Structure formats: structure tokens, C-alpha cells
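No experiment lies behind these values; they were computed from the predicted model shown. Just so it is clear: chains get the letters A, B, ... in the order the sequence lines come, proteins before strands, and each one is counted from 1.
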Number of protein chains: 2
Amino acid sequence: MESIDAIKRLAALAQDSRLAVFRQLVKAGKEGLAAGDIARSLGITPNTLSAQLTILTNAGLATSRRDGRSIIYAADYDAMSALLIYLTEDCCQGRPEVCAGLADVAGRAVCAR
Amino acid sequence: MESIDAIKRLAALAQDSRLAVFRQLVKAGKEGLAAGDIARSLGITPNTLSAQLTILTNAGLATSRRDGRSIIYAADYDAMSALLIYLTEDCCQGRPEVCAGLADVAGRAVCAR
DNA sequence: TCCATATTTCCATTATTATAGAATTATGGA
DNA sequence: TCCATAATTCTATAATAATGGAAATATGGA
């Protein structure tokens, strides 16, 4: 992963309502959520939300598909995984001080499958 | 970790020269680097770099201490670790799709100690 | 076809961020 | 004390991002 792509993803997540949107998408899973439902539940106007979803999508963190009149957005888990791996390996060079706690957390999550 | 702190850290890293600074600090280890050396090696004016170091420091990602005429900056590994754990656990809810590759990377890094 | 719903695009406004010149502060050495 | 070096703070400017009203586009149903 290129650092410029990492920066795009970091910037996409570095804003309160976008981070909230992304969390909702993660929670919603593969089925995803309609743009309108997200806007309603977060109290964001539809046009503003649309701009934020575009930013998340351009960063690679979300995908979209049309379903009838709605557009359904879903989190891209692979992109998020790639970002975390970039931060861990490239940016932090796998330093044990950074990785130790993370290995526990990620490992536990995988084992709980 | 609060989401507002995570956003601060994400924003601090979401800019090319700040990310480059942070990478250098990680590479430099606990001893850290003098502000002037960072400015020279990255070709940033000292006042601009100072502003960026302040942002990294306020986000908790760097610490500073004076040594003679120089001010030495160092990466705060704990803060970075906390951010990665936040993104993995809180934001991504430990989803295996996100965690699997990360568990490998972080685990390998820890085992290589 | 006509209408309501869902979302996006266009546009303007406001707020925030990035950058660097100039001045200031702090330290160490002659 | 005086000077050179290191870094920061002050200030202004330019660039980018966030927000929302209004209009446009797309879909499904009567």
C-alpha cells in the first residue's frame, strides 16, 4: 500500500461524522445500509452525507450498489485491514512496543470466530 | 480511548509531511531526533515543522524534551498502539475480516523480538 | 404519463488547515 | 556581556474541507 492511499484513508476517518458513518457500516456488515437510513440515524442532511460517503468511497473504505431507489453502502473490510497493516508494518516497522497489545486484540478476535 | 482522541491522532497522521515525520521518529526509536535534523532531512522550514510537531504532540503521538539548544522529539509508541487497538476493537468491532491479516502481522512482529 | 421518494450534483458560504516570513525566546560558548 | 545557533511564536496568506439550500437525476408505483 502506498503512503498516499494510507493518507487518504486516514483523512477519510479523521472526521467525526465520517468515522460515525464508517462505524455504522462496519456494524451493518456485508448487507450494508441505505444512504437515507444513515442520514436519518445520524441527523445529517442527505446532501452532506452524500459528500461524506463519496469521500469514504474514494478512499476505498466503502462500496456502493443501487437497490431500487436506495443506494446501499457497505464497509470495505479489506481496505481497512490494509490500512491497519500499513500502519503496523510500514509506518511503525513492526515495533514490538506498538504490536504487542495489537497482536493480543487481533488474535483474540480471530480465535473467537 | 475516546473517539475524539482517535480522530485527533488520525488527523495528525493524515498529512504527508506529518506522516513522514512520524515515520522518522518511529525509526529513530526512544532517543528521538532534534527538530532541526528532521527539518533538514525532510526539507521543511523550521517554523512549519514546529507547527507540525505541535500537532503530533497535541495528538499524543510524540513527546519532546530539551537537550541543550535542541529540542528532541520521539514517537510515543503507546499512543500509536492505543490508536491501532481502538481502530481494531472499537471502530471495527474485532471483525475477523479486518483482524485476520493484522493478527498475523502483529503476531509475527512480536514473536521476532 | 405523472408523482413521490431517494440520492446526488451544483453552488456558495464558512471554517479549518498548511505554509512561511519576521520577530522572539532559550541555550551555550567566546 | 555579546554572538551564533536552535526552536518557537506571531501573523498573514493561500489552499482545502465542511456544510447545506436548491436543482437535477434515477427509480418505482398509480
Participant: Whole angstroms only, please: what is the CG-P distance between A/Leu53 and D/dA18?
Facilitator: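 Spelled out: CG on A/Leu53 to P on D/dA18 is 13 Å.
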Participant: Using atom CG of A/Asp16 as one end and atom C1' of C/dA15 as the other, report the distance to the nearest whole Å.
Facilitator: 14 Å
Participant: So what is the end-to-end bend of the helix from C/dT1-D/dA30 to C/dA30-D/dT1, with 5 pairs used at each end and the value given to 10 degrees?
Facilitator: 20°
Participant: Given 3.5 Å as the limit, does a donor-acceptor pair link the side chain of A/Tyr77 with the main chain of A/Val26, or not?
Facilitator: yes
Participant: To the side chain of A/Ile71, which of C/dT19, D/dT9, C/dT8 is closest?
Facilitator: C/dT8
Participant: I need a per-nucleotide contact map over nucleotides 25-30 of chain D, read 5' to 3'. Cutoff is protein heavy atoms under 4.0 Å; write B for the base, S for backbone only, - otherwise.
Facilitator: -SBB--
Participant: Apply the test side-chain contact (heavy atoms from CB on, under 4.5 Å) to residues B/Met80 and B/Phe22: give CA-CA distance (whole Å), side-chain angles for both, the deciding distance (0.1 Å), then the verdict.
Facilitator: CA-CA 10 Å; B/Met80 189 60 183; B/Phe22 185 71; 3.9 Å; yes
Participant: Going through the checks in order, is the side-chain contact (heavy atoms from CB on, under 4.5 Å) test met by B/Met1 and B/Glu89?
Facilitator: CA-CA 11 Å; B/Met1 184 178 197; B/Glu89 270 197 320; over 6 Å; no
Participant: Let me know the distance between NZ of A/Lys8 and P of D/dA17, rounded to the nearest Å.
Facilitator: 11 Å
Participant: I need the A/Ser64 OG to A/Asp76 CG distance, nearest 0.5 Å.
Facilitator: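 It comes to 11.5 Å.
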Participant: Under 4.0 Å between a Lys/Arg side-chain N and an Asp/Glu carboxylate O for A/Arg40 and A/Asp37?
Facilitator: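 Counted as a salt bridge, because a side-chain N and a carboxylate O are separated by less than 4.0 Å.
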Participant: Distance-only, no hydrogens or angles: does the A/Arg9 side chain make a donor-acceptor pair with backbone N or O of A/Ala79 under 3.5 Å?
Facilitator: yes
Participant: Rounded to whole Å, please give me the gap between CD in A/Gln52 and P in D/dA17.
Facilitator: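 It is 13 Å, rounded to the nearest whole Å.
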Participant: Out of curiosity, A/Asp104 CG to A/Cys99 SG, how far, rounded to the nearest 0.5 Å?
Facilitator: 11.0 Å
Participant: Separation of B/Arg65 atom CZ from D/dA6 atom C1', in whole Å?
Facilitator: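 Going from CZ in B/Arg65 over to C1' in D/dA6 covers 15 Å.
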Participant: Send over the distance from B/Tyr73 OH to D/dA7 C1', rounded to a whole Å.
Facilitator: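 After rounding, the reported distance stands at 8 Å.
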Participant: So how far is it from B/Leu83 CG to B/Asp78 CG, rounded to the nearest 0.5 Å?
Facilitator: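 It comes to 12.5 Å.
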Participant: Please list, in numerical order, the residues of residues 54-63 of chain B that have a heavy atom closer than 4.0 Å to any atom of DNA chain C.
Facilitator: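 Residues of residues 54-63 of chain B under 4.0 Å from DNA chain C: B/Ile55.
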Participant: Taking only side-chain N and O atoms of A/Arg18, does any of them lie within less than 4.0 angstrom of OP1 or OP2 on D/dA18?
Facilitator: yes
Participant: Hey, could you give me the CG/CG distance between A/Leu25 and A/Leu56, rounded to the nearest 0.5 Å?
Facilitator: 7.0 Å
Participant: From B/Thr88 OG1 over to B/Arg95 CZ, what is the distance, rounded to the nearest 0.5 angstrom?
Facilitator: 14.0 Å
Participant: I want to check one thing: is the phosphate of C/dT19, taken as OP1 and OP2, less than 4.0 Å away from some side-chain N or O of B/Gln15?
Facilitator: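 Yes, such a contact exists.
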Participant: Just jot down the salt bridge (Lys or Arg N to Asp or Glu O under 4.0 Å) partners of B/Arg66, sequence neighbours excluded, or say none.
Facilitator: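 B/Arg66 satisfies salt bridge (Lys or Arg N to Asp or Glu O under 4.0 Å) with no residue once adjacent residues are dropped.
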Participant: Could you tell me the separation between the CG atom of A/Leu10 and the P atom of C/dT17, rounded to a whole number of Å?
Facilitator: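 Between P of C/dT17 and CG of A/Leu10: 16 Å.
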Participant: May I ask you to check whether B/Thr54 and B/Thr57 show a side-chain donor-acceptor distance below 3.5 Å?
Facilitator: no
Participant: Among residues 20-48 of chain B, which contact DNA chain D at a heavy-atom distance under 4.0 Å?
Facilitator: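 Within this stretch, B/Ala34, B/Ala35, B/Gly36, B/Pro46, B/Asn47 sit under 4.0 Å of the strand.
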Participant: Enumerate the side-chain hydrogen bond (donor to acceptor under 3.5 Å, both in side chains) contacts for residues 17-26 of chain B, please, sequence neighbours excluded, ordered by first and then second residue.
Facilitator: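 Residue pairs passing side-chain hydrogen bond (donor to acceptor under 3.5 Å, both in side chains), neighbours aside: A/Tyr86-B/Arg23, B/Gln15-B/Ser17, B/Ser17-B/Gln52, B/Gln24-B/Ser41.
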Participant: Rounded at 0.5 Å granularity, tell me how far CG in B/Leu19 sits from CD1 in A/Ile7.
Facilitator: 5.0 Å
Participant: Figure out the CG/P separation between A/Leu19 and D/dA17, and round it to whole Å.
Facilitator: 18 Å
Participant: Hey, does B/Ser70 reach any base, or is it just sugar-phosphate, or nothing, if we go heavy atoms under 4.0 Å?
Facilitator: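 Result for B/Ser70 = sugar-phosphate.
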